[in-house]
Amino acid sequence: DPGPLPKEPDDDDDASAATAAALPGDARRRLRWYQGTWVARVCVPGVVAIRQGSFAPRRGDVVLASPHKCGTTWLKALAFATMARGAYPPAGAGHPLLRLNPHDCVPFMEMLFADGSAGSRKMGALPSPRLMATHMHHAILPASISNNPDCKIVYICRNPKDMLVSLWHFTRRVQPDLAFSDVFEHACEGVSFSGPIWDHVLGYWNASKESPETVLFLRYEEILLDPAGNVRRLARFVGQPLSPAEEAAGVAEDIARLCSFEALRGLEVNTAAGSGSLLFPNGAYFRRGQAGDWANHMTPEMARRLDAVMEEKLRGSGLSF
Ligand code: A3P
């Protein structure tokens, strides 16, 4: 338990307390209803600090945003390899991604800022253009990110059915008796990490429509189909398009290969016992790496139900799964 949490003056404590009280015990410990979004409890202090101005923007910042279990690790690897390719050629034997987990290359903002002033110092020490990540909903980002033409946001989402299966497998590492049906039921009610899922995707979807030059909306399944093509998109979007010489040398393909599920999963840094955090070893971020695993965990009726919820919530937005 992270202990007492800092308060934000406009935090809706009553609604939060009422909703949290209705949660089953374990979710109550792990999640907090914050400004209309479900936030991992350990991240709340960092989120509050970011919103209260601890984050000092810098020209060229790139923020990777995602709901939990939608390909964050992959996007971190792809964006890092793409943006750092000048210093670290993706086919080079000394590439940092060969000895570091992607989460060690690109920090989560809310985790950094949960550390108080040490977090601000670490963020300030990142080389420009800075690359960082968040699970925050678009609605609760500070204006220094969401309304800043000098800050780019790359968003990744995924079919919510696969997200929930991935989330269940991940959470079971710390809660082995967790039933998939519980994760599913709560998510359909809007209660999950990064929940409500529909609000998370809609916030970034709408932002990408309003401002395509500052918000790039990616889907896990699209990257699976064409990793190198999406590396090119990413490179163009962050203002570092591949040069003709890089195209001729196959740099996009090299980055896609370096960051592929098979390549990253097999590395010692991602397999060794004792790697990663106490709760989640690095290997926990590489499970199956495919689309469609939901069919092995959901009945057709469950799938229809979640599809219907998503369809209703996303109606009129132009977005569908
Ligand atoms: P599965 O559990 O379906 O396998 P996150 O990084 O947001 O926590 O998401 C984790 C999901 O992304 C897991 O999905 C994981 O296996 C998958 N993943 C991690 N690295 C990947 C990669 N390089 N390529 C494709 N999928 C990857």
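- Atom CZ of R172 is surrounded by more than 12 heavy atoms from other residues, nucleotides or ligands within 6.0 Å.
- E213 has no carboxylate O lying under 4.0 Å from a charged side-chain N of K152, or vice versa, which leaves the two without a salt bridge.
- Expressed to the nearest 0.5 Å, how far CG of N148 lies from OG1 of T214 amounts to 9.0 Å.
- Between T171 atom OG1 and L279 atom CG the span is 11.5 Å, to the nearest 0.5 Å.
- No side-chain heavy atom of L131 sits less than 4.5 Å from a side-chain heavy atom of V238.
- Counting only distance, with no hydrogens or angles, the side chain of W168 and the backbone of L178 share a donor-acceptor pair below 3.5 Å.
- The side-chain contact (heavy atoms from CB on, under 4.5 Å) test with P300 singles out one residue from M302, R304, M298, and that residue is R304.
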> What do the steps show when you test S117 against S120 for side chain to side chain donor-acceptor pair (under 3.5 Å), and what is the final call?
Replying inline: CA-CA 5 Å; S117 51; S120 303; over 6 Å; no

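- Classification of E312 and R315 as a salt-bridged pair fails, no side-chain N sitting under 4.0 Å from a carboxylate O.
- The structure places SG of C43 at 13.0 Å from CZ of F113, a figure rounded to the nearest 0.5 Å.
- Remark: side-chain polar atoms of E246 are paired, donor with acceptor, to backbone N or O of S243 under 3.5 angstrom.
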>> Quick one, Q52 with S54, criterion side chain to side chain donor-acceptor pair (under 3.5 Å). Give me CA distance, side-chain angles, the key distance, then yes/no.
In response: CA-CA 6 Å; Q52 288 182 342; S54 295; over 6 Å; no

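- A 4.5 Å side-chain heavy-atom check between S208 and Y204 finds every atom pair outside the cut-off.
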>> Set out, in order, the CA-CA distance, both residues' side-chain angles and the distance that settles side-chain contact (heavy atoms from CB on, under 4.5 Å) for D150 and D61, then state yes or no.
In response: CA-CA 7 Å; D150 289 332; D61 281 342; over 6 Å; no

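- Of the candidates L306, L164, D162, D162 is the only one forming a side-chain contact (heavy atoms from CB on, under 4.5 Å) with W294.
- In this model, no donor atom of one side chain and acceptor atom of the other lie less than 3.5 Å apart for R287 and S166.
- Between E253 and R232 there is a salt bridge, with a side-chain nitrogen of the basic residue lying less than 4.0 Å from a carboxylate oxygen of the acidic one.
- Note on K161 versus D293: no salt bridge recorded, every NZ/NE/NH1/NH2 to OD/OE distance being 4.0 Å or above.
- S194 and H68 share a donor-acceptor pair across their side chains, judged by distance under 3.5 Å alone.
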>> Working note: M310 + R305, criterion side-chain contact (heavy atoms from CB on, under 4.5 Å); need CA distance, chi angles, decisive distance, verdict.
In response: CA-CA 9 Å; M310 292 303 295; R305 186 168 148 213; over 6 Å; no

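- Across all their heavy atoms, A93 and L98 have their closest contact at O-CD1, 3.2 Å.
- How far CG of L75 is from CD1 of I223: 6.0 Å, rounded to the nearest 0.5 Å.
- Looking at heavy atoms from C-beta onward, S260 lies out of side-chain contact with L264 at the 4.5 angstrom threshold.
- For E311, the CD atom counts as loosely surrounded, since its 6.0 Å shell holds 12 or fewer non-hydrogen atoms of other residues, nucleotides or ligands.
- Rounding to the nearest 0.5 Å places CD1 of I255 at 14.5 Å from OH of Y88.
- Between the side chain of T271 and the main chain of L267, a donor-acceptor pair closer than 3.5 Å is present.
- Contact of the M109 side chain with the I50 side chain is registered, since non-hydrogen atoms from C-beta on lie closer than 4.5 Å.
- With 3.5 Å as the limit, one finds no donor-acceptor pair spanning the side chains of T82 and Q240.
- Scanning both residues, A228 and A252, for their nearest heavy atoms gives O-CB, 3.8 Å.
- Smallest separation of non-hydrogen atoms from M163 and C70: CG-SG, 3.6 Å.
- Using a 4.0 Å cut-off between a side-chain N of Lys or Arg and a carboxylate O of Asp or Glu, R257 and D254 qualify as a salt bridge.
- With a 4.5 Å cut-off on side-chain heavy atoms, R30 and R41 do not count as touching.
- H200 and Y155 are linked by a side-chain donor-acceptor pair at a separation below 3.5 angstrom, with hydrogens and angles left out of the test.
- Note: the hydrophobic cluster containing L202 also contains F321 (ILVMFWY, side chain heavy atoms under 4.5 Å, direct or indirect links).
- The CE atom of M83 sits 9.5 Å away from atom OG of S128, with the distance rounded to the nearest 0.5 Å.
- Nearest heavy-atom pair across T72 and I156 is N-CG2, 4.4 Å.
- A ring-centre distance under 6.0 Å is found for F108 and H103.
- The cationic group of K69 does not satisfy the cation-pi geometry with F193, failing either the under 6.0 Å distance to the six-membered ring centre or the 45° limit from the ring axis.
- Side-chain contact check for L234 versus L216: some heavy-atom pair is nearer than 4.5 Å.
- Residue V201 comes nearest to F217 through the heavy atom pair O-CE1, 3.8 Å, listed as atom of the first residue, atom of the second, then distance.
- Residues H169 and F180 fail the side-chain proximity criterion, which asks for heavy atoms closer than 4.5 Å.
- A donor-acceptor distance shorter than 3.5 angstrom exists from the side chain of S317 to the backbone of L319, with no hydrogens or angles considered.
- Using modelled atom types, no side-chain atom of R58 and backbone atom of R130 make a donor-acceptor pair closer than 3.5 Å.
- At least one side-chain heavy atom of F280 sits less than 4.5 Å from a side-chain heavy atom of F170.
- A pairwise comparison of heavy atoms in P90 and R85 identifies CD-CB, 4.3 Å as the closest pair.
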> When you look at D199 and T37, which way does the side-chain contact (heavy atoms from CB on, under 4.5 Å) test go after all the steps?
Replying inline: CA-CA 8 Å; D199 285 343; T37 74; over 6 Å; no

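- The backbone N or O of N159 lies less than 3.5 Å from a partner atom in the side chain of E221, making a donor-acceptor pair.
- No side-chain donor-acceptor contact under 3.5 Å links N147 to the backbone of A143.
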>> Apply side-chain contact (heavy atoms from CB on, under 4.5 Å) to residues H137 and I140 and explain how you reach the verdict.
In response: CA-CA 6 Å; H137 282 233; I140 63 168; 4.3 Å; yes

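- At least one donor-acceptor pair under 3.5 Å links the side chain of E110 to the backbone N or O of H135.
- The cluster map of Ile, Leu, Val, Met, Phe, Trp and Tyr, joined by side-chain heavy atoms under 4.5 Å apart, puts L100 and M111 in different clusters.
- Of the options F261, F80, Y220, Y285, a ring-ring contact (aromatic ring centres under 6.0 Å, His included) to W74 is made by Y220 and by none of the others.
- Both F286 and L258 belong to a single network of hydrophobic side chains, linked directly or stepwise wherever heavy atoms of I, L, V, M, F, W or Y lie under 4.5 Å apart.
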